[in-house]
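A short worksheet on the structure shown next.
Protein chains get the first letters and strands the later ones, always in sequence-line order, with residue 1 at the start of each.
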There are 2 protein chains.
Amino acid sequence: MPPQKTTFENLDQSKRERIMIEATKEFAEYGFHQASVNRMVNRLGIAKGSLFKYFGTKQGILEYVFGHAVTMLKAPLKQIRLETEGGDLFERVRQVTLAGADFIEAHPNIYRIYLKMLLQENFPMRERFLTRIRATSGKFLHSLVQEAMESGQLRSDIDTDMAVYLLDTTVDRFLQSVAVPFLDGDSILHGADRQTIETRLDSLLDLLRHGLSGIPKT
Amino acid sequence: MPPQKTTFENLDQSKRERIMIEATKEFAEYGFHQASVNRMVNRLGIAKGSLFKYFGTKQGILEYVFGHAVTMLKAPLKQIRLETEGGDLFERVRQVTLAGADFIEAHPNIYRIYLKMLLQENFPMRERFLTRIRATSGKFLHSLVQEAMESGQLRSDIDTDMAVYLLDTTVDRFLQSVAVPFLDGDSILHGADRQTIETRLDSLLDLLRHGLSGIPKT
DNA sequence: ATGTATAGTGACCGGGTGGTCATTCGCTAT
DNA sequence: ATAGCGAATGACCACCCGGTCACTATACAT
């Protein structure tokens, strides 16, 4: 039995896009529970019944919109992994981070939804979506570190798990700092332009590479 | 004119405490908008009108409860700064992080409110509270780095702002990772006991101190 | 012109919300 | 006993919510 098309999928593309954009905006601004279907349909100029015909429930709208976006995450990561194969770990991490910045710039509202989901236990689909995202980005970094370890780019005595953790969280937090105020202490990142982002990132990666200490390891 | 006591401040301490605890729990579980005053009063067994007499509005409840907690943050930080004066930077950072872990263990619901506030632009009082908190912890770390810099504990060529940023966000994220699932890639921190926390933290600080690279800086 | 399938509609429902206020309660001083 | 007063009450209000469904509009095949 071929999957029969939903009402929503029969709409012309322009209408579908308008609805997706407006719904994404609403969830990005208000999170899930505060988001209002009434507001969505008012801004779209369509009847409330229509939206429920398309997606069943409010949660269904979120699942469709966000699920779609999560799928788009994998492609650029895979590409980077292939393009930079065998290269320097920190250069690869740099590429990943900048790819993240590109994604956020291209889909800022999707990223806002992700951030709200992160720290709100009540957010529907939280566990499912976050698991998917973490699996994607976590496994990726893990393999990068593994390869770097094997090619002797890293100190042999380090705790691999902690190294992955440090890189993972640093990248994640770096992107958050650019997008959200109050996360970088002196606001040296929030809202920065591309040029500044790259400079700061290089500086940060240098610290990770060589450490902060002025005293050589004995 | 002496500040005249509010109705709430005239209550006996046990009742005041019960109310504070219950309100904190409600906000911690549901955030601000989803939190329900009806639920609070039902669980407390008091009339809804009473709560509004005490605090005026729902937001007033939050301000009272959370504002009180934020004030308590400063004392332990100041103490650590004094007790460890002149000591090794990383040891001082270690102390601060563990103090943070202690605070979270003692006031888990306050920390949950803080986390929800962090990434929700609609949260009332967000800007005011976050500014206060960041000012407290940010300036603190800044002074630690400054002192370490002057006593030659750090490489002289590093970007001070980025060093502060790296330490600040690493500590912050470390605590988040312990408290929240999905933030540490392979769940090596979430829900860990004190012993594990200390071991991991030492490992992490070692990475920050000496860097990840196996190739010495030229 | 008629039938059929699909898309679109919006008044309506039950329920929860933050907030109000006229009233009652409980204690203390006289 | 009684007067006075702050604490406590809960029915009530206007509002907004997600979701429903009987109905209409449109397009195409016959």
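- The phosphate of dG18(D) has OP1 or OP2 within less than 4.0 Å of a side-chain N or O from Lys58(A).
- At the heavy-atom level, Phe8(B) lies nowhere under 4.0 Å from the strands shown.
- Here dG19(C) presents its P atom at 9 Å from NZ of Lys48(B), a figure rounded to the nearest Å.
- Distance, Arg39(A) CZ to dC15(D) P: 17 Å, rounded to whole Å.
- Among dG19(D), dT17(C), dC17(D), the nucleotide with an atom closest to any side-chain atom of Ser36(B) is dT17(C).
- Rounded to an integer number of Å, the gap from Phe52(B) CZ to dC12(D) C1' is 14 Å.
- Side-chain atoms of Ser36(B) come within 3.5 Å of backbone N or O of Arg39(B) as a donor-acceptor pair.
- A straight line from CD1 of Ile46(B) to C1' of dC25(C) spans 16 Å, rounded to a whole angstrom.
- For the pair Ser203(A) and Met162(B), the tightest heavy-atom approach, listed with the atom from each and the gap, is OG-CG, 3.3 Å.
- Side-chain contact, Asp193(B) with Thr196(B): a donor N or O sits under 3.5 Å from an acceptor N or O.
- The side chain of Thr7(B) contributes no N or O atom lying less than 4.0 Å from OP1 or OP2 of dG6(D).
- Among the atoms of the strands shown, base atoms are found under 4.0 Å from some heavy atom of Ser50(B).
- Distance OH (Tyr30(B)) to P (dG16(C)): 13 Å, rounded to an integer number of Å.
- In the set dA7(D), dG19(D), dG10(C), dG19(D) carries the atom at the smallest distance from any side-chain atom of Thr57(A).
- Atom CD of Gln34(A) is separated from atom C1' of dC17(D) by 11 Å (rounded to the nearest Å).
- Here dA7(C) presents its C1' atom at 11 Å from CD1 of Ile19(A), a figure rounded to the nearest Å.
- Taking atom CG on Leu11(B) and atom P on dG26(C), their separation rounds to 16 Å, with Å as the unit.
- Closest to the Lys53(B) side chain, of the nucleotides dA22(C), dG19(C), dG18(C), is dA22(C).
- Residue Asn10(B) places at least one side-chain N or O under 4.0 Å from the OP1 or OP2 atom of dA7(D).
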For Glu29(B) and Lys25(B), run salt bridge (Lys or Arg N to Asp or Glu O under 4.0 Å): C-alpha distance rounded to whole Å, both residues' side-chain angles, the deciding distance at 0.1 Å, then the answer. CA-CA 6 Å; Glu29(B) 183 158 358; Lys25(B) 217 189 286 182; over 6 Å; no

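- In this model, a donor atom of one side chain and an acceptor atom of the other lie less than 3.5 Å apart for Asn109(B) and Arg112(B).
- For Lys15(B) and dA8(D), the shortest distance from a side-chain N or O to OP1 or OP2 is below 4.0 Å.
- In terms of phosphate contacts, Tyr54(B) brings a side-chain nitrogen or oxygen within less than 4.0 Å of OP1 or OP2 of dA8(D).
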